[in-house]
Every structure is written in structure tokens, then in C-alpha cells.
Amino acid sequence: MMLQEAAALIQAIRENLAKVIVGKAEGVDLLLTALLANGHVLLEDVPGTGKTMLAKTLARSLDCSFKRIQFTPDLLPSDLSGINFYNQKTGEFQFRPGPVFSSILLADEINRATPRTQSSLLECMEERQITIDGITHTLDAPFLVIATQNPVDSQGTFPLPEAQLDRFLMRITTGYPTFEEGVHILQRFRENNPLLETSAVATGSEIQELQRLAAAVAVSDDLLGYITAIVEATRQAPSVKLGASPRAGFALLRAAQGYALIRQRDYVLPDDIKAVAVPVLAHRLLLQRGPGSREGQAAELVQQVLREVEVPAEPAPAAARGGRVE
């Protein structure tokens, strides 16, 4: 796949999302970035702002298997992974796969499940496999987990531990629509739901090709040093109890590559790193005041780090690419 073909396919997916989702252009681009970077997304926003609608629209735009599961306190790990059950007709045990055996998994209100159930996703998200009764099953590619949670509702919820948060490439918050967007939403959904008329515009194999293309986007050594400096700066901040890990640096690299491809380039610029730094790093930081102050203050801390860390000079496009991405 050439760069021009990738740009056309990405634009087709973006336009398909725009048929249902009003505004949220930045959130849509970040979601597509995570998809191209082969990462998972945590959609965190107040109720009724379109988190589930955005996830379902992306799923309908891709010709891939999709499963949605509502997380509740009584949800068991086997409800996600599947079970081995005894078939009385055959006299043998058979495996019944759970929702994780899908290309796109929507984990709705993930923080309403118990930590035991939440942790059952760790192996799936990190290694793209799941072990059940001692047998390891490989998950199909592409595999994307989109989890949603409500940051203002604490009753009956179980906050995600740092190890679980670290598995998400990005935490995306889109916020309320503007007045004009609010009117447009009412007009669009006045008579029918446009989601029901949405059809797929990309196949699973095409998404895998986009992911391979994104992984091949060129990153200069100076920018690798810039990413490392940003990650290290989060560890040295006085208000941070737990800074960004090496995994966070790798996530920032992959996200910057995916964002560059979204912008129709086969090389990364410092602006690409800055654009994805907050959604990639903020949810991974643990501040001295505890988890309750993570979101807003952590985002501001990352912004401060971006202002303080010296930006390397942008290389010429030819030098940054080191060759055409194909």
C-alpha cells in the first residue's frame, strides 16, 4: 500500500464517522491514530457525550467482527474469555469463545466491573492472546479494545489500577459539543439514527496493512531523543509520584507514527509528538496527591513538560524519511 492509497482509505473512514459523529474531529483523529498504532483506547467522558456511539460507528465502518459487553459488578472473567462446557450429546468438552474473540471489543463502563474481571483483559490487550484452562488461544488481528468510563460517577465503580491503565495507548476525552454542534446533532438524529445506515468502508486486511505502514513511518534519532527526554521529564517533576515508564515512551513513538500517517506523511515531526503526548502520557502518571487528581492536573503537567523540553530542529523531509514508505 502506497502513502496515497493509505491517505484515501483513512479519509474514507473519517468521512464515514462524520456521517454519524458531529464535531469531535480531534477525538476521531486520535481514535484512528490508536487504531493505526495497534493500540487500545480508553474513552473517558461524562454521560451522553457519544462515547459508545463513536465506538460503534468505528466498528460499523470496518468489515471486522465486533462485540459489545456491558461491564457490571457481577460480570465474571469467563463472561469475557469464554468457557469449556460439557456437551452431553457428544460426551466431550467444547470451548465456547467469549466476546474477546472479536476484532473490536467495546468494554462499556469498564470501571463498573470488579478488579478481578478488569485484570482478565491484561493478557488480551498486551499479548493478543488469552489462556483458558491452561490452553493459550491467539486472538485474531486486528484487535482493538475500546473501553468507556464515566469520570464523575464513583458509586458502584472500581477505579482502574495503574497496570490496567498502562495497557491503554490513549485516554481520549472529547467534552461537550458547541452550540452549533448541539443543534446539528438534533437535526441529524431528529427522524432516524444514521448509525443504522452506516456500512463498512475498510476490511480487516486493509487495517493491518495500514498498521504495518504506520510502523514503518520514519523517526529520526533526534526525535527518539526528544521522546525519551519527555518521558524522563515526567519522572523528575516534583508533583509526580510515579512517572512515565519505558512502555509509555514506546507508546508515544507508535502514536506519533500513527498520527503522522493520519496527516499523510511518512515521517514524524515534533508537532506529531506534541499532538499525542497528553492522551498517551497523562493517564499513566500518578501524582503525589493520589489518583483523584490524575486527569486534569496530569494533563497540565504533560503540557508543562512539552513547554520545557527542548524541541530538536526539524529535519528535511528526505532526511527524515530515509526512503519511501510502501
Cation-pi, Phe85 ring and Arg96 (6.0 angstrom, 45 degrees): yes

Decide whether Leu80 and Ile83 are clustered together by the hydrophobic rule: side chain heavy atoms of Ile, Leu, Val, Met, Phe, Trp, Tyr closer than 4.5 Å, transitively.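 Leu80 and Ile83: separate clusters.
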
Examine Leu122 and Leu76 and state if one hydrophobic cluster contains both, with Ile, Leu, Val, Met, Phe, Trp and Tyr joined whenever side-chain heavy atoms are less than 4.5 Å apart. no

Any donor-acceptor pair under 3.5 Å linking the side chain of [X] with the backbone of [Y]?
X      : Y      : answer
Asp272 : Leu269 : yes
Glu5   : Met2   : yes
Arg284 : Phe168 : yes
His137 : Ile130 : no
Thr57  : Met53  : yes
Glu92  : Asn87  : no
Glu206 : Thr203 : yes
Thr178 : Glu181 : yes
Asp45  : Thr174 : yes
Glu44  : Asn150 : no

Can you tell me how far the [atom1] atom of [X] sits from the [atom2] atom of [Y], to the nearest 0.5 Å?
X      : Y      : atom1 : atom2 : value
Lys19  : Ser61  : NZ    : OG    : 8.5 Å
Arg14  : Leu31  : CZ    : CG    : 11.5 Å
Gln211 : Ile207 : CD    : CD1   : 7.0 Å

Show your reasoning for whether salt bridge (charged side-chain N to carboxylate O under 4.0 Å, His left out) applies to Asp29 and Arg263. CA-CA 9 Å; Asp29 281 352; Arg263 295 293 179 237; 3.2 Å; yes

For this output row, return yes or no: ring centroids of Phe101 and Phe95 closer than 6.0 angstrom. yes

With sequence neighbours left out, what residues match Thr148 under side-chain hydrogen bond (donor to acceptor under 3.5 Å, both in side chains)?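 side-chain hydrogen bond (donor to acceptor under 3.5 Å, both in side chains) list for Thr148, sorted by chain: Asp108.
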
Under a 3.5 Å threshold, yes or no: a donor from one side chain and an acceptor from the other, between [X] and [Y]?
X      : Y      : value
Glu109 : Gln149 : no
Ser119 : Gln164 : no
Asp74  : Thr72  : yes
Asn38  : Arg212 : no

What pairs of residues pass the ring pair (Phe, Tyr, Trp, His ring centres under 6.0 Å) test when at least one of them lies in residues 191-234, not counting sequence neighbours? none

Neighbour count >12 (heavy atoms, 6.0 Å) for atom [atom1], [X]:
X      : atom1 : value
Gln187 : CD    : yes
Gln70  : CD    : yes
Lys24  : NZ    : yes
Arg235 : CZ    : yes

Check this for me, if you would: do Asp140 and Arg128 make a salt bridge, where the nitrogen-to-carboxylate-oxygen distance has to be below 4.0 angstrom?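 Arg128 and Asp140: not salt-bridged.
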
Side-chain donor/acceptor pairs under 3.5 Å, residues 241-250, sequence neighbours excluded:
{"residue": "Ser245", "atom": "OG", "partner": "Arg247", "partner atom": "N", "Å": "3.4"}
{"residue": "Ser245", "atom": "OG", "partner": "Ala248", "partner atom": "N", "Å": "3.4"}
{"residue": "Arg247", "atom": "NH1", "partner": "Asp166", "partner atom": "OD2", "Å": "2.8"}

With sequence neighbours left out, write down each residue that passes salt bridge (Lys or Arg N to Asp or Glu O under 4.0 Å) with Arg307, or none if nothing qualifies. Glu300

Please report the C-alpha distance between Lys56 and Leu195 in whole Å, then the side-chain angles of each, then the deciding distance to 0.1 Å, and finally whether the side-chain contact (heavy atoms from CB on, under 4.5 Å) criterion is met. CA-CA 8 Å; Lys56 292 172 68 176; Leu195 177 63; 4.0 Å; yes

Across all chains, not counting sequence neighbours, the side-chain contact (heavy atoms from CB on, under 4.5 Å) partners of Thr228 are Glu232

Other than Leu196, which residues form its hydrophobic cluster under the rule that side-chain heavy atoms must be closer than 4.5 Å?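 For Leu196, no cluster forms, as it stays isolated from other hydrophobic side chains.
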
